[in-house]
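Small disclaimer: the values here were computed from a predicted structure and weren't measured.
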Protein chains: 2
Amino acid sequence: MDFQNLTFIFVFYTYRTKYAMTETNNQYNPSLSVDCVIFGFDSKQLKILLVERSGPYQTNPQLKLPGSLVLKNTKLEVYANQVLKELTGLNEIYLKQFYTFGNPDRIKTPEDIEWIENTYQVTIERVVSISYYSLVKIDQYNLNLSEESYHAKWYNISDIHELAFDHMEIMKKGLEALRQELIYNPLICFELLPEKFSLRELQDTYESIQGIEYDNRNFRKKIGKAKYIIQLNEKQLGVAHKPALLYKFDKEQYQTNRLELIKFFI
Amino acid sequence: MDFQNLTFIFVFYTYRTKYAMTETNNQYNPSLSVDCVIFGFDSKQLKILLVERSGPYQTNPQLKLPGSLVLKNTKLEVYANQVLKELTGLNEIYLKQFYTFGNPDRIKTPEDIEWIENTYQVTIERVVSISYYSLVKIDQYNLNLSEESYHAKWYNISDIHELAFDHMEIMKKGLEALRQELIYNPLICFELLPEKFSLRELQDTYESIQGIEYDNRNFRKKIGKAKYIIQLNEKQLGVAHKPALLYKFDKEQYQTNRLELIKFFI
DNA sequence: ACAAAAGTGTTGTCAATACACCCATGC
DNA sequence: GCATGGGTGTATTGACAACACTTTTGT
């Protein structure tokens, strides 16, 4: 392909859409976006879901957090849920607003600005990102649909060193917020685990979120005290070692014992 | 004064400014506001600083949180600091973003919409409020300047039952966030207290934020362990009872002992 | 039999709680 | 001298951290 030519097409495209925008009553608010740090856990490592930023003029396709400018007159939470629904096919996922990023220069490279303006057909000045994190059970569904349309894929947190826009900063702050919340709210572990899980998986969840290791015996002592973690009469199958007992989470117990738990896992 | 006449003037005024807005390049972003829940402590009760929403057409002057639409190309934190500077005369106040309120219908009454549009000379659709709380020492300055221009006054938290817009909700969430932070970060007490304070004042600060009472002896035992709280060779003066010893806060000690403190005051 | 992970107990230290009386000062 | 809030000690309980070996399964 002829590179001179490609450049020309690109510039033309950019100007066309900018022009179109000023004439129409665009449905996107050019100042507001919602971005989602979607955490998942595959019984080994903490992962996040990223999408590819794509377009005809892109020199470096780059990874970004799933998110979007918000439609006028749509609730932010509802919109964040839509993003999740499209990517994961799931409704009613755990969703928590953790921070809003609004520096005027957070989107500053010409490539970044053009990508947004072309994608949404708006002229932007400052885009404020209201950021949410959410928790999903990786095993519970497949990403086939969204892999086709958005190239959404899970990445190990430790492998991510660069993201488009300021999404690296957003991801880091989201992880911090998750760590903070886990201290108060053990509930969130069960959003990441399958229905039936072993205590080792639960411990791995804690460890991969907090980035530290817990003493195995002390951890189990604590779990033993939590009335909302129920032992089942089932064991792991097909493992090449002593199979672990499986447990489930009892939401009713959890609700009634909520108060005693606040100080629980520090 | 003739009420018919007043109404007419009001309507005219509203339309004029709306028209003006579409023609000019207004400096305010009509989608973004910053609101501040400014906490203060007068050695007895937790208070917040409120301003009067005023205008020529107001039937019920109402109290609101200090805040404003943000100027295009101004950092949110910088803008929140400006609001504080204008009201309190102080720079470098403790400031923390705690939540963003963005429901499309959070500003819905005609009076609310008109007040904003007239005050800032913009047409609004949805206004997202990025909300901060801040902590100031009430004794350390006077509010004379801002009392004149904004009618800013301190109100006891327990006396506030109604605020303009959705500011009651914002205030409640700000108080919750403050309570949460106090658990991790005893530092914030010292943002509310004068340089020299008694242990009773420190305990009152905790109690008025958390809304619960602490056992006086146990509280002092904890303080005794905190190396960053320094006893002075001074006593209260002019009190009609045994005068309390005064203490100060040692910021250097605090920084170095930061890690051991994370679990401190639960 | 071996590899691999599951599962189990004890001890010492320290923090959290509950609880009631004397002390120093101003008036 | 009395009213007011400041200031102190002890005993119990329970949580937390440190630490290493045996058990059960698949291959």
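Under 4.0 angstrom from either OP1 or OP2 of dT25(C) there lies at least one side-chain N or O belonging to Lys235(B). For Arg200(B) and dG5(D), the shortest distance from a side-chain N or O to OP1 or OP2 is not below 4.0 Å.
No hydrogens or angles considered: nothing links the side chains of Gln45(A) and Ser208(A) as a donor-acceptor pair under 3.5 Å.
Place Pro243(A) and Gly238(B) on DNA chain C by their nearest nucleotides, and Pro243(A) ends up nearer the 5' end.
Taking every side-chain heavy atom of Lys225(A) into account, dC16(D) is the closest of dC16(D), dA16(C), dT25(C). Distance from the side chain of Leu245(A) is smallest for dG7(C) among the nucleotides dG7(C), dG26(C), dA6(C).
To the nearest angstrom, P of dG7(D) lies 12 Å from CG of Leu202(B). As a whole-Å value, the separation of Tyr214(A) OH from dA6(C) P is 18 Å. As a whole-Å value, the separation of Glu234(B) CD from dA24(C) P is 20 Å. Between Ile223(A) atom CD1 and dA15(D) atom C1' the separation is 15 Å, expressed in whole Å. Note: CD (Gln203(B)) to C1' (dG6(D)) measures 11 Å, nearest angstrom. Separating the CG atom of Asp204(A) from the P atom of dA5(C) is a distance of 11 Å, rounded to the nearest angstrom. Atom CZ in Phe219(B) sits roughly 13 Å away from atom P in dT17(C) (whole-Å rounding). In this entry the distance linking CD of Glu213(B) with C1' of dA18(C) reads 15 Å, nearest Å.
For Lys221(B), the side chain to side chain donor-acceptor pair (under 3.5 Å) partners two or more places apart in sequence, or in a different chain, are Asn218(B).
Here ring pair (Phe, Tyr, Trp, His ring centres under 6.0 Å) pairs that include residues 75-94 of chain A, with residues two or more places apart or in two chains, number zero.
Within the 6.0 Å centre-distance limit, the rings of Tyr184(B) and Tyr184(A) are counted as a close aromatic pair. Aromatic rings from Phe197(A) and Phe249(A) are positioned such that their centres are separated by 6.0 Å or more.
A 6.0 Å sphere centred on CG of Leu237(A) holds no more than 12 heavy atoms belonging to other residues, nucleotides or ligands. For CD of Glu213(A), the number of neighbouring non-hydrogen atoms (other residues, nucleotides, ligands) closer than 6.0 Å is 12 at most.
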If you restrict it to nitrogen or oxygen atoms, what contacts under 3.5 Å exist between nucleotides 19-23 of chain D and the protein, and what is each distance?
| residue | atom | partner | partner atom | Å |
| --- | --- | --- | --- | --- |
| dC19(D) | N4 | Asp215(A) | OD1 | 3.4 |
| dC19(D) | N4 | Arg217(A) | NE | 3.3 |
| dA20(D) | N1 | Arg217(A) | NH1 | 3.4 |

